[in-house]
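Beneath this line is the structure, given in structure tokens, with notes to follow.
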Amino acid sequence: MSTTDTTKGESKETTSGKELVSIFVMGKKYEVPKNLTIMKAMEYAGYKYIRGCGCRGGICGACGTVYRKPGDYHIYVGLACQTVVEDGMYLTQLPFFPANRATYNLEAIGSDPEEVYKKYPELFRCVACNACTKVCPMDISVMDYISAIKQGDFEKATELSFDCIQCIFPFENYGG
Amino acid sequence: MKISYYPGCTLKTKAKNMDCPGVAALNALGVELVELPRWNCCGAVFSLADDDLLHLLAPVRDLIRVVEQGDNKLVVACSMCYNTLARANLLMRENSEKRHTINTFMEEERDYNGEVEVVHLLSFLRDEIGWEKIKESIKVPLRGLKIAPYYGCTLLRPQSVAIEPPEKRTLFKDLIETMGATVVDFPASTDCCSSYQILSNPDIGIETVSKILESAESWGAEAIVTSCPLCEYNLGKRQEDALRKHDKLKELPTFYFTQLLALALGLGAEVCNFELNHNGVVRLMESKKFLTAA
Ligand code: FES
């Protein structure tokens with residue numbers, strides 16, 4: 001990779017004149033052109049996506065990434081294909097983990113919170129920490145639609161969750 | 001009059017027979033209980049672990065929703081929700097360190113400092129409507145019905161959120177008398193119904209329930225009234241287990257206070273969802289001729 005090495009905070013440039021920022025992937029520092037998405041930046045750095053990448057259009061949720069920024073206590077999450085790199089970002093790609101996907105006949109189970117409880121018992125342990133909403137890459141009010149289900153208000157839950165494609169962005173890793 | 005109302009998950013599902021008659025009864029008394037447009041589970045049980053702030057997020061969020069409505073008072077009918085919300089509220093008022101941590105964690109919400117007043121529906125009936133006004137509105141006096149008021153734990157414990165002093169309790173008594181019925185105060189009125197122990201230790205749970213039923217029956221009660229879906233589950237739905245174990249126990253219908261109030265206000269069985277009750281509730285009401293509309 002051809003870059004002009006600089007110290008942090010000063011402008012950096014590639015030989016082709018692109019401004020660079022530093023990102024950290026699994027602790028290793030890479031200089032990548034700014035304005036790239038995380039996904040493009042990782043490919044620029046030499047990584048090849050064989051998992052954790054799907055539509056590249058911000059829909060499928062396959063590319064969930066957790067990151068931190070220097071001097072900031074927050075843990076951020078974003079889609080690698082949509083989030084633009086920032087200088088000093090520490091990135092962690094989410095590994096695969098098995099998520100619960102229940103199979104059921106919608107007509108047969110009706111609108112009964114008890115039925116949802118049987119399929120997804122973990123939802124009823126919700127402590128309203130709201131991490132699910134914060135982590136949802138599509139800005140869906142996950143906590144509110146889970147609450148609506150617990151309240152037996154399936155119409156509201158359907159409206160609030162309409163955009164959800166069950167990408168199973170692993171919010172359980174961050175919630176209570 | 002309009003007032004912000006928190007029903008709670010159980011009242012919207014398994015205990016609609018507490019929610020629907022309550023909303024209807026208050027409506028008949030000129031009060032619109034306005035359900036918060038956005039709310040979550042209250043957390044059900046107030047966590048006693050000193051460093052467990054995570055379980056306070058749910059009730060505090062609900063209180064923030066009240067402020068978002070531009071309101072500063074919240075009426076709650078379910079005793080458990082009342083207890084959890086009132087205790088979380090108190091903590092946010094009095095503990096600046098925990099308040100700061102919780103507000104910082106919930107950075108997506110506005111800061112909350114305990115500015116809402118959490119009121120149980122029983123207190124609201126007395127303080128905001130008044131027994132006199134309720135009495136004037138009674139169309140079907142529950143005359144001749146001997147009712148044992150069952151407080152359980154969460155209305156009276158701990159003292160900091162008790163709706164009245166346990167040894168000088170009058171709220172249920174005054175309501176029962178206002179509806180024209182007879183109060184049967186009984187020693188087990190403030191005992192614990194065994195709460196969730198009924199699931200993990202059913203034998204202990206059923207024994208506890210049996211003692212409460214026996215106490216109410218021995219003092220001549222024909223019915224029990226409660227304000228808690230868990231008490232109602234234990235004393236009502238699980239009553240058949242107690243009856244099976246103890247020959248001398250008789251069936252004792254268990255009501256929510258909102259059901260009795262709605263009936264007494266002449267709203268009829270339609271708003272009471274009696275199908276969700278247990279143990280001869282309708283039979284008793286029919287025998288007393290309280291189901292004939294006003
Ligand atoms: S690859 Fe589909 S959302 Fe990023």
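All chains are named by letter (A, B, ...) in the order of the sequence lines, taking the proteins before the strands, and each is independently numbered beginning at 1.
Of the listed residues (A:Cys126, A:Ser147, A:Ala148, A:Gly152), the greatest number of heavy-atom pairs within a distance under 4.5 Å of chain B belongs to A:Ser147.
Contacts between A:Tyr145 and chain B at a heavy-atom distance below 4.5 Å are absent for every atom of the residue.
The neighbour count for A:Tyr104 OH, taken as heavy atoms of other residues, nucleotides or ligands under 6.0 Å away, does not exceed 12. Atom NZ of A:Lys34 sits in a sparse spot, with 12 or fewer heavy atoms from other residues, nucleotides or ligands closer than 6.0 Å. Within a 6.0 Å radius of OH in A:Tyr49, more than 12 heavy atoms belonging to other residues, nucleotides or ligands are found. Atom CD of B:Glu275 has more than 12 heavy atoms from other residues, nucleotides or ligands within 6.0 Å. In the displayed structure, A:Lys156 atom NZ is contacted under 6.0 Å by more than 12 heavy atoms of other residues, nucleotides or ligands. Within 6.0 Å of OH on A:Tyr117 lie no more than 12 heavy atoms contributed by other residues, nucleotides or ligands. Annotation for A:Phe162: atom CZ does not count as buried by contact number, only 12 or fewer foreign heavy atoms lying within 6.0 Å.
Using a distance-only test at 3.5 Å, with no hydrogens or angles considered, a donor-acceptor pair links the side chain of A:Gln151 to the main chain of B:Trp39. In this structure, B:Arg38 contributes its side chain and A:Asp144 its backbone to no donor-acceptor pair below 3.5 Å.
Residues of residues 81-95 of chain B never come closer than 4.5 Å to chain A when only heavy atoms are counted.
B:Arg99 meets the salt bridge (charged side-chain N to carboxylate O under 4.0 Å, His left out) test with no other residue; sequence neighbours excluded. Checked against salt bridge (charged side-chain N to carboxylate O under 4.0 Å, His left out), A:Lys134 has the following partners two or more places apart in sequence or in another chain: B:Glu108. For A:Asp72, the side-chain contact (heavy atoms from CB on, under 4.5 Å) partners are A:Lys69, A:His74, A:Tyr76, not counting sequence neighbours.
Across every non-hydrogen atom of A:Ala128 and B:Arg61, the tightest pair is O-NE, 2.6 Å. Closest approach of B:Thr13 and A:Pro113 over heavy atoms only: CG2-CG, 3.6 Å. Across every non-hydrogen atom of B:Leu54 and A:Val127, the tightest pair is CG-CG2, 3.8 Å. Of all non-hydrogen atoms in B:Asn40 and A:Met143, the two that sit nearest each other are OD1-CE, 4.2 Å.
The NZ atom of A:Lys150 sits 4.0 Å away from the SG atom of B:Cys41 when rounded to the nearest 0.5 Å. For the atom pair B:Glu107 CD and A:Asn130 CG, the distance stands at 10.5 Å (nearest 0.5 Å).
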